[in-house]
Amino acid sequence: MKKIFIIYTGGTIGMVQDASGTFVPFDFELIKNNLPDLSRTDYELTVHSFDPIIDSSNMTPEIWLKTTKLIQDNYEDYDGFLILHGSDTMAFTASVLSFLLEGLRKPVILSGSQLPIGEIRTDARENIMTALEIASAKHNGQAVIQEVCILFDNKLFRGNRSFKYHSSKFEAFRSPNYPVLVEAGIHLKYNFEALLNNAGQQLVRHNKLNDEVAVLKLFPGITKDTIKAVLDSNVRSIVMETFGSGNTTTAEWFLDLLKEAIDKGKNILNISQCKVGSVELGRYETSQGLKSIGVLNGYDMTFEAAITKLMYLQGEFEDQESVAYWIEKDIRGELTIND
Ligand code: ASP
């Protein structure tokens with residue numbers, strides 16, 4: 001038997017429509033009743049349902065920490081883990097779990113669906129059955145997948161490289177800066193070269209997150225007051241979403257404000273508003289000044305990975321320097337260094 005531990009957090013997959021037609025979360029029985037094929041498989045499933053089950057827009061760092069504890073407590077007894085989760089914040093959860101669970105040697109796969117499992121045209125059944133097959137796949141006695149992933153629409157993505165790309169297509173996720181890990185057609189096609197291999201490592205569960213993070217999304221015409229409001233807010237780090245390959249205005253007042261915040265102990269992380277490609281500090285004059293004042297390079301990290309990696313690093317380290325050092329390093333396959 002292949003033993004899989006399922007964590008049911010909620011999401012569309014198990015929702016039903018209430019009297020006014022709004023989708024609300026429902027219990028795991030609904031999912032089980034709609035998967036009669038399970039009885040023909042050799043999976044031994046244990047299900048842990050969250051209480052309450054939620055729409056993933058209500059996800060919190062506390063729930064993330066509870067989830068990692070559940071995985072650690074059951075780690076030795078199962079071949080893999082399947083987390084059923086709403087798609088809206090799935091990429092944040094996948095990213096943060098990748099940081100909190102160091103040295104994973106078993107698959108942790110998140111999946112959900114765009115249509116509830118009770119609907120005729122649902123994508124839920126395919127997603128669950130494919131996720132279970134990948135979560136139990138072994139090679140020479142070892143799990144093939146040794147990382148946190150998202151399975152959606154016949155594709156397995158690295159979790160901390162993915163984002164929700166479409167609000168209504170079955171193809172809800174993409175990871176343009178990293179290859180798809182598995183494509184499910186008639187056969188499951190594993191991209192072995194792209195997979196993490198944590199051979200020899202022990203699972204280490206990190207159990208602190210610090211949410212003092214803010215976002216500064218730039219646009220032409222953004223006012224000094226808006227920028228000041230974000231930089232002066234009570235946070236330790238700011239994710240700054242810049243233009244193209246990491247560019248910003250070269251106005252002196254702007255660079256002065258950033259430098260002032262950095263000198264006061266804040267980290268400013270530069271990631272691009274583009275969904276594909278990477279920050280390249282110094283490629284243009286419009287990013288050269290950023291490097292010299294100590295703005296940090298987020299390379300090709302997704303927004304979701306940037307936010308959750310900062311929460312994780314700030315939970316681990318009290319000082320500005322350590323967070324600044326590690327944010328620019330590839331720690332779980334979340335970024336590609338290009339300089
Ligand atoms: N609003 C839902 C959620 O994220 C959407 C979904 O499940 O796909 O929980």
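Just follow the structure's listing: the first ligand is 1, and inside any ligand the first atom is 1.
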Q: Tell me, please, whether Y75 has K106 positioned over its six-membered ring: NZ or CZ under 6.0 Å from the ring centre and within 45 degrees of its axis?
A: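 Yes; both conditions hold, so K106 lies above the ring face of Y75.
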Q: Could you tell me whether the side chains of S20 and D18 share a donor-acceptor contact shorter than 3.5 Å?
A: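 S20 vs D18: donor-acceptor pair found between side chains.
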Q: Heavy-atom contacts with G11 under 4.0 Å: which atoms of ligand 1 show up? List them by number with element.
A: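 Every atom of ligand 1 under 4.0 Å from some heavy atom of G11: 7 (O), 9 (O).
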Q: Taking atom types as modelled and ignoring hydrogens, do the side chains of Y178 and R161 form a donor-acceptor contact shorter than 3.5 angstrom?
A: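 No, no side-chain donor-acceptor contact under 3.5 Å.
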Q: I'd like to check which ligand 1 atoms, numbered from 1 as shown, lie under 4.0 Å from a non-hydrogen atom of T12.
A: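 The atoms of ligand 1 under 4.0 Å from a heavy atom of T12 are 2 (C), 5 (C), 6 (C), 7 (O), 8 (O).
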Q: Less than 4.0 Å between a side-chain N and a carboxylate O, is that true for K259 and D256?
A: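 Here D256 does not pair with K259 in a salt bridge, since their nearest N and O are not under 4.0 Å apart.
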Q: Would you find more than 12 non-hydrogen atoms of other residues, nucleotides or ligands less than 6.0 Å from K3 atom NZ?
A: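 Atom NZ in K3 is crowded, with more than 12 foreign heavy atoms closer than 6.0 Å.
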Q: Check whether any N or O atom of D88, backbone or side chain, sits under 3.5 Å from an N or O atom of ligand 1, and answer yes or no.
A: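 So ligand 1 has an N or O lying under 3.5 Å from an N or O of D88.
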Q: Can you list the ligand 1 atoms lying under 4.0 Å from a non-hydrogen atom of S113?
A: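 Those qualifying, in numeric order: 8 (O).
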Q: Say whether A172 and ligand 1 are in contact under the criterion: heavy-atom distance to a ligand atom below 4.0 Å.
A: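 In this structure, A172 fails to qualify as a contact of ligand 1 - no heavy atom is under 4.0 Å.
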Q: Identify which of I54, D55, D123, I53 has a heavy atom lying nearest to atom 3 (C) of ligand 1.
A: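 When every heavy atom of I54, D55, D123, I53 is considered, D55 comes closest to atom 3 (C) of ligand 1.
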Q: With a cut-off of under 6.0 Å to the ring centre and 45° to the axis, is K164 in cation-pi contact with F173?
A: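 Relative to the ring axis of F173, which defines the angle, K164 lies outside at least one limit.
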Q: Indicate yes or no: does an N/O atom of S56 lie under 3.5 Å from an N/O atom of ligand 1?
A: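 Such a contact does occur with ligand 1.
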Q: Tell me, which protein residue and heavy-atom name are nearest atom 8 (O) of ligand 1, and how many Å apart are they?
A: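 Heavy-atom neighbour on the protein nearest atom 8 (O) of ligand 1: S87 OG, 2.4 Å.
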